[in-house]
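To keep things clear, I will list the structure first and then write my remarks on it.
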Amino acid sequence: MAALLGAAALLATAVPAAHAAPPVQAPAADVVPGTGTETPALVDGLHESADAEAAPADAARTHLAAKESRYRIADPGRDLAPVQTLRQGGDETVRLQQKHHGVEVLGGQYVVRMEKKDGKRVVTGTSGKYFTGLTTATTATVAEDVAVHRAVSSVAARLGGATLGKKDVQPSRGAKTRAAAALTGRAGGLVVVPKGAGILTYRVTVRGTDPATGRPVLQDVYVDAHAGFPVLQYSLIKTITAPKPASGTAHAPGAAHAPGKAAAGPAATTNPGTSGTGVKYSGDQVPLDIYFDATAKQYSLVDYSRMAGTSKNTLHTWDARAVEVDDASGRWPDGLKEFTNAAPDYSGDATAAGAVDAHWAAGQVYDYYKKVHGRDSLDGRGMTINSLVGVTYAGGPFVNAFWDGQKMVYGAGDEQYKTLSADLDVVGHEMTHGVVENTANLVYAGQSGALNEALADYFGNAIDVTATGTKMDDPDAGLLGEDLCRTSKPRECAFRDLNDGRTTSKDYLGVTFSTDNGGVHLNSTIFSGALWDIRQDLDPKDPFLADRLVYKALSTYMTPLDGYTEARDAIVAAAKDLGLSAKQQNVVKRSFNAHGIVPGWENALGVDSDRLFGKLNISGTGTAAGGGWWATSKSNDDGTEAYSVYAGRVDGRGAPKLISPNDGRYHVYPATDGKTVVWAAFGTTSVDILSRPIAGGPTKTLYTSSTNVQNLHVENGAVVFESFDPFGGRHVGFLKPGDHEPTWVDGGKYELGTALPSLKNGKIAYAKLYPGESDYRIGVETYDIATGATHLAQQLGEPQGIGQTGITGKNVFWLADENLADQGQLAVRRSNLDGTGTVDISAESGPGALIPFDLTAADDAVTVNTLLPDTQYRNETLPKLWQLSADGTRKERLSCNRGEQLYPSAAGGRQVVWLDGTSGWTDLVTRERPAGTC
């Protein structure tokens with residue numbers, strides 16, 4: 001379970017909670033205790049009679065009920081709903097979905113394995129996650145429309161909240177964010193997130209377009225149905241490569257409306273297919289199964305042959321070269337047509353488009369699963385296999401491929417990469433996502449998502465090396481996508497290498513779910529590398545033995561929330577189940593050991609920073625520092641409780657203090673000046689801004705808002721914050737001591753927009769969007785709370801976007817974006833408090849240019865949270881903290897920790913506090929001085 005529930009924490013580092021005590025009455029079998037539950041995670045070695053006459057699901061639930069002392073499932077008939085029964089010969093695998101008082105439990109799935117032979121049935125083992133500690137009430141107190149609004153607002157804030165720019169203008173309605181108009185949410189019912197006693201949530205699916213990139217968005221957001229705060233959100237993307245954080249790439253899977261059968265040709269009961277040939281991108285000629293339409297007198301890339309004896313569905317290849325990626329994501333594009341030809345021999349245009357490769361490769365993948373694993377198509381029941389080839393992005397190159405729950409979609413490539421269908425391992429990878437979805441359905445986030453990617457990589461490469469005859473000891477055998485290179489060498493442009501030797505202790509990267517869904521690509525080769533080692537070493541004469549082993553573990557042992565350790569246990573158990581020798585089982589264990597996939601591996605990760613407060617289990621709530629104190633939000637160690645606000649000293653002395661009341665609301669976005677802490681409290685219908693002295697005293701409600709508020713600051717009783725109006729517009733407001741209503745620095749006018757405030761010495765700095773003579777303009781302004789005087793900073797050019805501001809006793813600092821066509825670089829800009837003397841202390845272009853998205857400033861230093869331009873996706877590409885002197889003459893890394901470092905807050909001098917996930921938890925850490933060169 002921890003593999004996903006690290007998702008509810010800010011950083012997806014996925015550390016299991018302590019193991020529960022073993023069952024009171026231990027069975028005569030191998031039992032692996034569950035994590036945070038009395039139900040075992042794995043029971044193996046059983047041979048217990050079951051009802052041979054009953055349906056498999058009923059027999060499975062009867063077994064669980066009869067062994068209640070072992071499984072601690074009081075009423076399986078009520079609490080476990082059948083999901084799927086997989087039959088392979090005499091083996092039966094029953095998957096059961098947990099319900100809590102009739103409400104689905106996220107990832108709560110239990111598997112019962114049985115054998116049926118000679119009219120008798122026995123249970124051989126069980127595995128999965130049934131959460132025994134759930135007691136949460138299942139009646140929502142938050143209205144569904146409020147949950148949808150907050151889910152959409154949360155996604156919009158994550159997509160567009162880092163900057164305010166001209167892209168945020170809708171002329172017909174004034175300065176409103178495009179994010180609000182481009183995103184819609186739909187509630188999919190109630191779901192229990194299984195943390196502690198459980199959190200009742202609305203599952204809201206948010207889809208639309210990223211306002212910064214124009215790329216499609218599809219995310220599941222889980223909003224607490226008793227408090228209205230988004231406790232978990234992640235993208236449903238399943239792509240071949242991870243979009244870099246600066247790009248905002250999203251390829252949205254979901255419930256596509258693809259046809260179940262080919263649009264052309266008869267829904268025949270006999271095989272109407274014929275044979276043809278095609279020329280692949282490589283120049284090789286290959287046989288193709290195609291269809292001839294006698295009426296139209298043309299051939300199309302529709303294969304009726306492979307499933308003619310089962311479902312009579314097809315392998316269907318579609319021309320998507322006129323289709324934008326967002327139109328192909330989670331929906332069926334209008335006007336889509338098959339690739340057709342007057343003759344049965346495809347070359348030329350069909351080759352260049354990647355259609356021949358896609359059609360041929362889809363057949364190869366289908367044949368592999370059918371022949372090696374006895375599986376009929378991706379769902380095991382003969383589903384149609386649709387491949388859309390050649391999609392573009394904004395009319396230009398799209399260098400990615402994805403599975404969206406119904407179909408494969410392949411980008412057209414660019415100058416460096418061929419069309420993405422031109423490599424069999426890429427096609428095998430995407431189609432394997434369909435197999436995973438229809439077996440263990442590993443949640444595509446955190447460790448379970450990395451397993452999803454690892455299995456897709458493993459089977460994609462296994463299919464490729466088998467088809468090409470590549471030896472397993474070939475140095476390039478583990479490369480994924482290496483055949484897509486147009487000009488560079490295979491190793492230079494391959495997406496991943498399963499022989500990269502990565503381990504948990506050296507290479508695991510703690511990242512947020514907004515980055516690569518919690519590291520699903522970044523961390524995948526740690527596990528897929530172990531699987532590839534097993535394939536190399538298990539039986540060189542029969543590499544399919546390893547394939548059958550991994551497939552058996554996937555299809556009959558793994559469940560949606562498995563992490564690395566559970567998946568290792570599943571494969572080791574499957575090795576016993578398949579009758580592998582003791583020597584072969586040792587090969588399996590040794591491969592996992594070599595990659596650091598052992599119990600407790602999370603404790604072997606180290607940092608170069610000082611921890612102030614650990615195991616926070618929070619999601620996107622920020623940090624604050626001021627007056628020698630820090631403030632942050634925290635849940636308990638297993639994330640059971642709603643978030644509370646704590647404060648402590650930045651020098652680490654003394655114990656942290658609980659500041660907020662424990663009233664079931666989510667207390668987030670804290671700020672402090674060393675005397676007072678202010679924060680936002682999310683309730684069922686509104687958001688309150690609260691305050692309390694650090695020294696103790698009553699909690700006061702300063703302001704109640706009907707919309708989201710964030711980016712709070714406090715100084716000597718004055719409170720500054722940013723609010724989102726109902727249309728998505730952003731406005732900076734402040735409360736002076738005794739005020740009951742805020743003063744809006746922009747008057748709260750819809751035609752204006754202000755955001756990203758900072759506060760120092762009674763002056764507020766913020767980004768400002770305002771109408772000019774002929775167009776909207778954007779700049780940075782200061783506002784004197786005492787007098788109302790404003791100063792608009794001089795510009796060096798014509799910025800298109802402004803990022804976070806920081807104000808000190810001497811200067812105002814901000815991030816400026818004038819060139820939207822670059823890789824996302826922004827300048828770090830400074831002016832005097834009166835708006836004069838504007839200069840760049842870090843340029844937007846040239847050597848050393850950064851891709852910053854957050855900033856915090858003190859008199860002695862400016863710290864930015866930044867990415868770096870990089871051709872690879874790795875640790876060095878992730879958000880790091882860089883510190884600059886106020887004049888820009890010094891620039892150095894603040895910390896050398898790996899993984900993401902987020903939400904920096906200046907604590908005075910050169911000291912900064914931030915949230916760090918390197919150690920395997922979400923920790924609040926600090927450094928008094930930069931680390932220098934890493």
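Along the sequence shown, residues are numbered consecutively beginning with 1. Below, all heavy atoms of this structure are taken into account, side chains as well, without hydrogens, waters or symmetry copies. Note that this is a predicted model, so its numbers are computed, not measured.
Taking the six-membered ring for Trp and the full ring otherwise, the centers of Y564 and F592 sit at least 6.0 Å from each other. Proximity of the aromatic rings of F402 and H433 is defined here by a centroid distance below 6.0 angstrom, and this criterion is not met. The aromatic ring centres of H429 and F495 sit 6.0 Å or more apart.
Checking side-chain atoms of D425 against main-chain N and O of G428 turns up no donor-acceptor pair under 3.5 Å. Of the possible donor and acceptor atoms, one in the side chain of N452 sits under 3.5 Å from a partner among the backbone N and O of L442. A donor-acceptor distance shorter than 3.5 angstrom exists from the side chain of N461 to the backbone of A477, with no hydrogens or angles considered. With S448 contributing its side chain and V443 its backbone, the two residues share a donor-acceptor pair below 3.5 Å. D483 places no side-chain N or O within donor-acceptor distance of the main-chain N or O of D423, the cut-off being under 3.5 Å. Judged by distance alone, with hydrogens and angles left aside, the side-chain atoms of N400 form a donor-acceptor pair with the main-chain N or O of T241 at under 3.5 Å.
Contact check for V365 versus F459: no side-chain heavy atoms found under the 4.5 Å cut-off. Looking at L561 and E566, their side chains never come closer than 4.5 Å, going by heavy atoms from C-beta outward. D79 places a side-chain heavy atom less than 4.5 Å from the side chain of Y130. When side chains are defined from C-beta on, R535 counts as touching D547, because their heavy atoms get closer than 4.5 Å. Annotation: side chain of R70 is not in contact with side chain of T39 (no heavy-atom distance under 4.5 Å). Contact of the I571 side chain with the M558 side chain is registered, since non-hydrogen atoms from C-beta on lie closer than 4.5 Å. Looking at L134 and V192, their side chains come closer than 4.5 Å, going by heavy atoms from C-beta outward. Between I385 and H359 the shortest side-chain heavy-atom distance does not fall below 4.5 Å.
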Exercise. How far apart are the C-alpha atoms of K120 and E115, what are their side-chain angles, what is the distance that settles it, and do they pass the salt bridge (charged side-chain N to carboxylate O under 4.0 Å, His left out) test?
Worked result: CA-CA 8 Å; K120 296 181 180 180; E115 290 179 356; over 6 Å; no

Exercise. Are D533 and R590 close enough, and set up right, to give a salt bridge (charged side-chain N to carboxylate O under 4.0 Å, His left out), and what steps lead you there?
Worked result: CA-CA 9 Å; D533 288 352; R590 185 174 67 243; over 6 Å; no

Exercise. After noting the C-alpha distance and the side-chain angles of M431 and L378, does the key distance pass the side chain to side chain contact (heavy atoms under 4.5 Å, CB included) rule?
Worked result: CA-CA 7 Å; M431 291 177 67; L378 308 184; 3.9 Å; yes

Exercise. Passes side chain to side chain contact (heavy atoms under 4.5 Å, CB included), Q109 versus Q98? Steps please.
Worked result: CA-CA 6 Å; Q109 192 176 103; Q98 183 180 2; over 6 Å; no

Exercise. Would E453 and K238 count as a salt bridge (charged side-chain N to carboxylate O under 4.0 Å, His left out) if you check the C-alpha gap in whole Å, the side-chain angles of each, and the deciding distance to 0.1 Å?
Worked result: CA-CA 8 Å; E453 279 295 315; K238 296 184 180 72; over 6 Å; no

For this session: Evaluate the side chain to side chain contact (heavy atoms under 4.5 Å, CB included) criterion for residues E430 and V409: first the C-alpha distance (whole Å), next the side-chain angles of each, then the deciding distance (0.1 Å), finally the verdict.
Result: CA-CA 9 Å; E430 296 309 333; V409 180; over 6 Å; no

Exercise. How far apart are the C-alpha atoms of R61 and D58, what are their side-chain angles, what is the distance that settles it, and do they pass the salt bridge (charged side-chain N to carboxylate O under 4.0 Å, His left out) test?
Worked result: CA-CA 5 Å; R61 290 185 290 187; D58 291 335; 2.9 Å; yes

Problem set entry | M383/M307 under side chain to side chain contact (heavy atoms under 4.5 Å, CB included): CA gap, chis, key distance, verdict | CA-CA 9 Å; M383 71 177 286; M307 289 183 270; over 6 Å; no

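The aromatic rings of H373 and Y551 sit parallel to each other, their planes meeting at less than 30°, with 60° as the upper class boundary.
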Check: residues 80-87 side-chain donor-acceptor pairs under 3.5 Å, at least two apart:
residue: Q84; atom: NE2; partner: N438; partner atom: O; Å: 2.7

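For the atom pair Y508 OH and N523 CG, the distance stands at 5.0 Å (nearest 0.5 Å).
Salt bridge annotation for D91-R113: absent, with no cationic side-chain nitrogen under 4.0 angstrom from a carboxylate oxygen.
Judged as a salt bridge (Lys or Arg N to Asp or Glu O under 4.0 Å), not a single pair has a partner in residues 579-589 (not counting sequence neighbours).
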